[in-house]
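This report refers to the structure that appears directly beneath it.
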Protein chains: 2
Amino acid sequence: MHCDHTASAEQLVDIAEQRCRELGVRFTPIRRRVFELVSDTPGGLKAYELLDRLSTEHASARPPTVYRALDFLMEQGLVHRIESQNAFVACPCPEPRPDHHGGFQLMICRACGRVEEMHRLEVTALMSQLVAEHGYTLERQTVELVGLCPDCRSAA
Amino acid sequence: MHCDHTASAEQLVDIAEQRCRELGVRFTPIRRRVFELVSDTPGGLKAYELLDRLSTEHASARPPTVYRALDFLMEQGLVHRIESQNAFVACPCPEPRPDHHGGFQLMICRACGRVEEMHRLEVTALMSQLVAEHGYTLERQTVELVGLCPDCRSAA
DNA sequence: ACCAGTGACGCAATAGTATACCACTTCGCC
DNA sequence: GGCGAAGTGGTATACTATTGCGTCACTGGT
């Protein structure tokens, strides 16, 4: 299977649930709800926006509630953090084993906030080669590309 | 001239001063001192660490003092932000015109915190090509590569 | 030398992001 | 049923960053 990145939010939740079952980790109601909220928002969500939404149904939610859920979801590779925006997006293409996850790249529209995720092996390969030239190893890569999406470009 | 990235902190300050003169912007004492402090710290500095150090000589310094100086220095391309660490590093290779600045890449050792900066055109080229395939334009790229530096690798 | 305009700084307050800590509950396993 | 590990509730606090406004200092034009 190659990821096509066309799964709906509902499908992503199903896949996530399935994956957690396989991995023997718990997809609790809070974690599920947080994942649903993030999946429903194409441009990603800030932690406190998430908290606001979660609070409407889950009055006891506090910052640790949402950060704990996000930490869990990131460990499983179901959610990624957008470092340059302090925001979180659902991975459209969750890999079976989070630790085997190669790198990913985010494309972010500065006008509409849309975020798309890519998993391009040639990027990881180039990065590995680059750091190797300096004697480094590569363990993690953050690649965030900001520009205009096709829609915003033609609108301008 | 091709950047060799071997300039000492003092040399970087001289270059920065020269550049500001050319651009007609003011390299004030606060900005200079902040730049010196950042240049002196190979692994980058957090804003509040910077504030602590600045305060010892400049008692009136407050958060806006340091953030304003950092904003200025980033506009000039003299300092970069490490998004994944909320930290700031001096650019070892300041380009004459900040807006002509191609992308840069940061290599970060997770063990010792050392940071090295690269300006590799092939990375920018690959990123441009990638986003173009999705109809995007590329305006800004954040590339942060985390791993082990040669020293820490042999120490382990 | 004067003055107006702009940009830099001082200072206080507050917004926004994230974690530590401890008690209690639930789950999975023996 | 009892045990250990994991998850949650709840408070407090740490850390990161910005807004707003008044004042001062430099710049360029006269």
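Chain letters run A, B, ... following the sequence lines, proteins first and then strands; every chain starts at 1. Note that the coordinates shown come from a computational prediction; the quantities given were computed from them, not determined experimentally.
Ring pair B:F27/B:F35 is perpendicular by interplanar angle, where above 60° counts as perpendicular and below 30° as parallel.
Applying the 4.0 Å criterion to OP1 and OP2 of C:dA18, one finds that A:R81 has a side-chain N or O inside that range.
At least one side-chain heavy atom of A:S84 sits less than 4.5 Å from a side-chain heavy atom of A:I82.
Within the structure, every pair that satisfies the salt bridge (charged side-chain N to carboxylate O under 4.0 Å, His left out) test and touches residues 103-114 of chain B, not counting sequence neighbours, is listed here: A:E139-B:R110, B:R114-B:E116, B:R114-B:D151. A salt bridge (charged side-chain N to carboxylate O under 4.0 Å, His left out) check over residues 128-138 of chain A, counting only residues at least two apart or in different chains, returns the pairs A:E133-B:R120. For residues 44-56 of chain B, the set of pairs meeting the side chain to side chain donor-acceptor pair (under 3.5 Å) definition, not counting sequence neighbours, is empty.
Axis orientation changes by 40° from one end of the helix from C:dA1-D:dT30 to C:dC30-D:dG1 to the other, with each end axis drawn from 5 pairs and the value rounded to 10°.
Residues passing the side-chain hydrogen bond (donor to acceptor under 3.5 Å, both in side chains) test with B:Q18 are B:E22, sequence neighbours excluded. The side chain to side chain contact (heavy atoms under 4.5 Å, CB included) check on A:A125 picks up nothing, with sequence neighbours excluded. B:R81 pairs by the side chain to side chain contact (heavy atoms under 4.5 Å, CB included) definition with B:M74, B:E83, B:N86, B:F88, not counting sequence neighbours. Applying the side-chain hydrogen bond (donor to acceptor under 3.5 Å, both in side chains) test to A:R31 and every residue at least two apart in sequence or in another chain returns nothing.
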Show each protein N/O and nucleotides 26-30 of chain C N/O combination with a separation under 3.5 Å, one pair to a line.
none

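At the heavy-atom level, B:R31 lies under 4.0 Å from the strands shown only through sugar-phosphate atoms.
Here the range on DNA chain D touched by chain B, meaning any atom under 4.0 Å from one of its heavy atoms, is D:dT16 to D:dC26.
Side-chain N/O atoms of B:R68 and base N/O atoms of C:dG7 include no donor-acceptor pair closer than 3.5 Å.
Hydrophobic cluster membership of B:Y136, counting Ile, Leu, Val, Met, Phe, Trp and Tyr whose side-chain heavy atoms lie under 4.5 Å apart directly or via other members: A:M107, A:M118, A:V123, A:L126, A:M127, A:L130, A:V131, A:Y136, A:L138, A:V143, A:L145, B:M107, B:M118, B:V123, B:L126, B:M127, B:L130, B:V131, B:L138, B:V143, B:L145.
Applying a 4.0 Å cut-off to non-hydrogen atoms, the residues of residues 33-61 of chain B that approach DNA chain C are B:H58, B:S60, listed by residue number.
Residues A:A69 and A:P63 each lie close to DNA chain D; by heavy-atom proximity, the contact nearer the 5' end of the strand is made by A:A69.
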